[in-house]
Participant: 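Quick one: this structure, given as structure tokens, is what I'll be asking you about.
Source: prediction; values computed, not measured.
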Amino acid sequence: MSHDGQADRKTESGEIARLLSYAVLLAVSVGLFWEASTIPTSRFEVLGAGAFPMLVHGVLILLLLSAIIGSLRQLPRHAYARFASDFGDWAKARRLVFVLFLCLGLYLSALPIVGYPAATFVFLAVLQLWFAPKTKTAAIIVLFLAIVFSLGLNWLFAEVFNVFLPRGS
């Protein structure tokens with residue numbers, strides 16, 4: 001691929017990313033416009049407390065729709081397939097980040113159910129075993145650190161600071 005082809009591809013990918021950001025901002029503005037419309041009015045205000053946020057988000061919605069239409073008109077049809085391919089490569093290169101966020105989400109959702117010590121032990125053990133070298137020494141260190149940071153911090157907060165971390169249901 002020539003240097004100009006790569007520049008075109010980057011420009012197209014950047015324009016699609018911009019289009020997606022416009023779509024996300026549009027969805028947020030529509031949601032905030034809707035929320036502002038539910039703010040109750042008082043008998044002392046003719047327009048109500050939601051009038052200004054509705055005006056701001058209404059203007060934002062119009063500007064974002066205009067920007068989306070402009071982006072759609074600029075992009076050639078083949079750019080979408082290229083972007084999907086580029087995005088797949090980008091996501092594959094960052095798969096460990098996605099694993100980390102998935103584990104974090106599972107940890108945060110398990111925390112109120114199983115409690116801090118158990119959830120933290122599993123979270124730390126799984127992530128450290130995933131990222132650490134696959135040796136017996138590393139596994140022992142990982143389990144030791146998981147125990148220290150789950151049970152040790154729970155003890156420290158409870159006994160020293162008198163702050164009780166989630167115990168689970």
Participant: Please check if I141 and L153 belong to a single hydrophobic cluster, counting links between Ile, Leu, Val, Met, Phe, Trp and Tyr side chain heavy atoms closer than 4.5 Å.
Facilitator: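 I141 clusters together with L153.
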Participant: Would you say V126 ends up clustered with I147 if hydrophobic residues are merged whenever their side chains have heavy atoms under 4.5 Å apart, either directly or through other cluster members?
Facilitator: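 Same cluster: I147 reaches V126 through Ile, Leu, Val, Met, Phe, Trp or Tyr contacts under 4.5 Å.
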Participant: Distance check, rounded to the nearest 0.5 Å: E15 atom CD versus L72 atom CG?
Facilitator: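 Rounded to the nearest 0.5 Å, the CD-CG separation comes out at 9.0 Å.
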Participant: Rounded to the nearest 0.5 Å, what's the gap from CD on Q74 to CD on E12? Could you check?
Facilitator: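 If we round to the nearest 0.5 Å, Q74:CD and E12:CD are 11.0 Å apart.
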Participant: Hey, does the side chain of R95 reach the backbone of K92 with a donor-acceptor pair shorter than 3.5 angstrom?
Facilitator: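 It does hold such a pair.
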Participant: Can you find a heavy atom in the side chain of L127 that is under 4.5 Å from one in the side chain of F123?
Facilitator: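 Side chain of L127 against side chain of F123, heavy atoms only: contact under 4.5 Å found.
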Participant: Taking the side chain as every heavy atom from C-beta outward, state whether W155 and L151 have any atom pair closer than 4.5 Å.
Facilitator: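 Answer no - side chains too far apart.
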Participant: Does L75 reach the side chain of I16, with side-chain heavy atoms less than 4.5 Å apart?
Facilitator: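 Counting from C-beta outward, L75 and I16 do come under 4.5 Å.
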Participant: Does the side chain of F131 reach to within under 4.5 Å of the side chain of L96, using non-hydrogen atoms?
Facilitator: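 Yes, close enough: below the 4.5 Å cut-off.
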Participant: Is it true that a side-chain atom of Q128 and a backbone atom of L124 form a donor plus acceptor pair closer than 3.5 Å?
Facilitator: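 Yes; at least one donor-acceptor contact below 3.5 Å.
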Participant: Please check if atom NZ in K134 has more than 12 non-hydrogen atoms from other residues, nucleotides or ligands closer than 6.0 Å.
Facilitator: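 Yes - once you tally the heavy atoms of other residues, nucleotides and ligands closer than 6.0 Å, there are more than 12.
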Participant: If Ile, Leu, Val, Met, Phe, Trp and Tyr residues are connected whenever their side-chain heavy atoms lie under 4.5 Å apart, and connections chain through other members, are L156 and F121 in the same group?
Facilitator: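 No: no chain of side-chain contacts under 4.5 Å links L156 to F121.
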Participant: Locate the shortest heavy-atom distance separating P53 from A36; write the atom from each residue and the value.
Facilitator: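 Distance-wise, the nearest heavy atoms are CB-CB, 3.7 Å.
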Participant: F83 versus L20: any side-chain heavy-atom pair under 4.5 Å?
Facilitator: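 Contact flag for F83/L20 side chains = yes.
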Participant: Indicate the atoms forming the closest heavy-atom contact of F33 with H57, along with that distance.
Facilitator: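 Closest approach of F33 to H57: CB-CB, 4.0 Å.
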Participant: Looking only at heavy atoms, what is the nearest atom pair of A125 and A146, with distance?
Facilitator: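 Nearest pair, atom of A125 first, then A146: N-CB, 4.0 Å.
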Participant: Is any side-chain heavy atom of S85 closer than 4.5 Å to a side-chain heavy atom of D89?
Facilitator: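 Touching, per the 4.5 Å side-chain cut-off.
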Participant: Minimum heavy-atom separation for I39 to A49, with atom names?
Facilitator: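 That closest heavy-atom pairing would be CG2-CB, 3.7 Å.
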Participant: Report, as yes or no, whether the 6.0 Å neighbourhood of atom CZ on F52 holds more than 12 heavy atoms from other residues, nucleotides or ligands.
Facilitator: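 Not buried by this count: 12 neighbours or fewer within 6.0 Å.
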Participant: Group every Ile, Leu, Val, Met, Phe, Trp and Tyr by side-chain heavy-atom contacts under 4.5 Å, then state whether V24 and I61 land in the same group.
Facilitator: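 They do not share one cluster, since no chain of ILVMFWY contacts under 4.5 Å joins V24 to I61.
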Participant: Could you pull out the closest heavy-atom pair between Y116 and S150, with the gap in Å?
Facilitator: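 Looking at all heavy atoms of both residues, the closest pair is CE2-O, 3.4 Å.
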Participant: How close do P133 and A138 get, heavy atom to heavy atom, and via which atoms?
Facilitator: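 P133 and A138 have their closest heavy atoms at O-CB, 3.3 Å.
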Participant: Measure the shortest side-chain to side-chain distance between L60 and L25 over non-hydrogen atoms and say whether it is less than 4.5 angstrom.
Facilitator: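 Sidechains of L25 and L60: no contact.
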Participant: Roughly how far, to the nearest 0.5 Å, is CE of M54 from CG of L47?
Facilitator: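 One finds 10.0 Å between CG of L47 and CE of M54.
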Participant: Treat each ILVMFWY residue as a node, draw an edge where side-chain heavy atoms are under 4.5 Å apart, and state whether L165 and F161 are in one component.
Facilitator: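 In one cluster with L165: F161, yes.
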Participant: Without placing hydrogens or testing angles, list every side-chain donor-acceptor pair under 3.5 Å for residues 100-110, not counting sequence neighbours.
Facilitator:
from: Y107; atom 1: OH; to: T120; atom 2: OG1; distance (Å): 2.8
from: S109; atom 1: OG; to: G105; atom 2: O; distance (Å): 3.0
from: S109; atom 1: OG; to: L106; atom 2: O; distance (Å): 3.0

Participant: How about L64 and S29: do any of their side-chain heavy atoms sit closer than 4.5 Å?
Facilitator: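 Side-chain contact under 4.5 Å: yes.
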Participant: Would you compute the distance between atom CZ of R73 and atom CD1 of I68 and round it to the nearest 0.5 angstrom?
Facilitator: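 It comes to 14.5 Å.
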Participant: What is the distance from atom CG of L26 to atom CG of L63, rounded to the nearest 0.5 Å?
Facilitator: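 Reported to 0.5 Å precision, the distance equals 11.0 Å.
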Participant: Between T38 and E35, is there a donor-acceptor pair closer than 3.5 Å when you use the side chain of the first and the backbone of the second?
Facilitator: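 Looks like yes, one N/O pair under 3.5 Å.
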